[in-house]
K.L.:
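Could you have a look at this structure, given as structure tokens, before my questions?
Predicted model, so just to flag it, every value in this text is computed and none were measured.
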Amino acid sequence: FISVPIDQTRFPELIAAHGDYVLVWFDDVNALYVNRRQHPAVAEAQGLPGVNPFELAGLTPGDLAPRVRNEPILPHLARLLAVDPGAQITNHLAALAYADEGAYDQMLPHAEAIIHSYPEAPTGYRLKAQAMAKLGLIQEALASYRLAWARTDGSDRREIGKAMGRLSL
């Protein structure tokens, strides 16, 4: 087994030279690889083919949303969330997948999980606001957008402001 910090963005290039290692799990902090020769059952049952958590972790929320439809991690999200129900990246992907399907009520538990694990981050509040807005709960959406606004800066703040303005019309 090899455990690697998720901020080591060049690691996929390094591990590619060692084809026996397979990604089997990741969260907001680490990625875990297993040697398929030593643990073939684990590699087969838990492998995450085509997934690059190092790249996913580096994407902004705006960059992540358009990719969710084609992301190879989607079929594996339930398993990853069962191990770490508070992970931001997997909850974010799940929420975006539900949004893509129009299942906005299903987004809320994932937004709440992010808020619980990362109350200082805007992501959970923003996802919650988006879901609430789509569900027609405008005041609740505005309240969540305000909480996201207070936790962000720069261009993200501008996008949150635009979303709040659209709801206020």
K.L.:
Atom CE of Met164 and atom CZ of Arg157: how far apart are they, to the nearest 0.5 Å?
P.N.:
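One finds 10.0 Å between CE of Met164 and CZ of Arg157.
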K.L.:
What orientation do Tyr33 and Phe54 show, parallel under 30°, tilted 30 to 60°, or perpendicular over 60°?
P.N.:
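Because their plane-to-plane angle is under 30°, the rings of Tyr33 and Phe54 count as parallel.
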K.L.:
Identify the two heavy atoms, one from Ala111 and one from Gly124, that lie closest to each other, and give their separation to 0.1 Å.
P.N.:
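Closest pair (atom of Ala111, atom of Gly124, distance): CB-O, 3.5 Å.
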K.L.:
May I ask whether Ile114 and Ile6 are part of the same hydrophobic cluster, defined by side-chain heavy atoms of I, L, V, M, F, W, Y residues being less than 4.5 angstrom apart, directly or through others?
P.N.:
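Shared cluster, yes.
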K.L.:
For Thr152 and Ala148, indicate whether the former's side chain and the latter's backbone hold a donor-acceptor pair under 3.5 Å.
P.N.:
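Looks like no, no N/O pair under 3.5 Å.
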K.L.:
Compare all side-chain heavy atoms of Gln130 with those of Tyr145 and state whether any distance is below 4.5 angstrom.
P.N.:
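Gln130 reaches Tyr145 side chain to side chain.
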K.L.:
Sub-3.5 Å donor-acceptor pair from the side chain of Arg151 to the main-chain atoms of Ala121, do we have one?
P.N.:
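No, because the side chain of Arg151 does not come within donor-acceptor range (under 3.5 Å) of the backbone of Ala121.
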K.L.:
Can you get from Leu137 to Tyr125 by hopping between Ile, Leu, Val, Met, Phe, Trp and Tyr side chains that sit under 4.5 Å apart?
P.N.:
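No, separate clusters.
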K.L.:
For residues 82-97, please give each side-chain donor-acceptor pair under 3.5 Å, one per line with the distance, not counting sequence neighbours.
P.N.:
| unit_1 | atom_1 | unit_2 | atom_2 | d |
| --- | --- | --- | --- | --- |
| Asp84 | OD1 | Gly86 | N | 3.3 |
| Gln88 | NE2 | Thr123 | OG1 | 3.4 |
| Asn91 | OD1 | His110 | ND1 | 2.8 |
| Asn91 | ND2 | Pro85 | O | 2.9 |
| Asn91 | ND2 | Ala87 | O | 2.8 |

K.L.:
Let me confirm one number: the CG-CD1 distance from Leu147 to Ile160, rounded to the nearest 0.5 Å.
P.N.:
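These two atoms lie 10.5 Å from each other.
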K.L.:
Looking at CG of Leu167 and CD of Gln139, how far apart are the two atoms once the value is rounded to the nearest 0.5 Å?
P.N.:
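Answer for the CG-CD pair, Leu167 versus Gln139, is 9.0 Å.
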K.L.:
Checking Asp105 against Tyr98: is there a side-chain donor and acceptor pair closer than 3.5 Å?
P.N.:
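Per modelled atom types, Tyr98 and Asp105 side chains form no pair under 3.5 Å.
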K.L.:
Considering only heavy atoms from C-beta outward, does the side chain of Pro122 approach that of Asp156 to under 4.5 Å?
P.N.:
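Pro122 does not reach Asp156 side chain to side chain.
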K.L.:
Measure the shortest side-chain to side-chain distance between Val22 and Gln46 over non-hydrogen atoms and say whether it is less than 4.5 angstrom.
P.N.:
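No. Closest side-chain heavy atoms not under 4.5 Å.
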K.L.:
Keeping Tyr118 on the side-chain end and Ala113 on the backbone end, is there a donor-acceptor pair under 3.5 Å?
P.N.:
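No: the side chain of Tyr118 does not pair with the backbone of Ala113.
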K.L.:
What's the spacing between Phe26 CZ and Ser3 OG if we round to 0.5 Å?
P.N.:
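Between Phe26 CZ and Ser3 OG, I get 13.5 Å after rounding to 0.5 Å.
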K.L.:
For residues Leu80 and Leu23: do they belong to one hydrophobic cluster (side chain heavy atoms under 4.5 Å, members Ile, Leu, Val, Met, Phe, Trp, Tyr)?
P.N.:
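The answer is yes; both residues are in one hydrophobic cluster.
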K.L.:
Report the distance from atom CE of Met132 to atom CE of Met107, rounding to the nearest 0.5 Å.
P.N.:
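If I round to the nearest 0.5 Å, the distance is 10.5 Å.
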K.L.:
Between Gly47 and His76, what is the shortest heavy-atom contact and its length?
P.N.:
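Residues Gly47 and His76, closest heavy atoms: O-CE1, 3.7 Å.
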K.L.:
A side-chain contact here means heavy atoms from C-beta on lying under 4.5 Å apart; do Pro5 and Val29 qualify?
P.N.:
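Not touching, per the 4.5 Å side-chain cut-off.
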K.L.:
Can any side-chain N or O of Arg36 pair as donor or acceptor with the backbone N or O of Glu44 at less than 3.5 Å?
P.N.:
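Answer holds: no.
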K.L.:
Ignoring hydrogens, what is the shortest heavy-atom contact between Leu108 and Ala131? Give both atom names and the distance.
P.N.:
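Result for this residue pair: CD2-CB, 3.7 Å.
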K.L.:
In this structure, would Leu127 and Tyr104 fall into the same cluster of hydrophobic residues linked by side-chain contacts under 4.5 Å?
P.N.:
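Leu127 clusters together with Tyr104.
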K.L.:
Just wondering, more than 12 heavy atoms not from Arg79 lying within 6.0 Å of its CZ?
P.N.:
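Above 12, so yes.
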K.L.:
When rounded to the nearest 0.5 angstrom, what is the spacing between CD in Gln38 and OH in Tyr21?
P.N.:
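The CD atom of Gln38 sits 6.0 Å away from the OH atom of Tyr21.
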K.L.:
Do you reckon Leu56 sits in the same ILVMFWY cluster as Ile15, going by side-chain contacts under 4.5 Å, direct or chained?
P.N.:
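Linked, Leu56 and Ile15 end up in one cluster.
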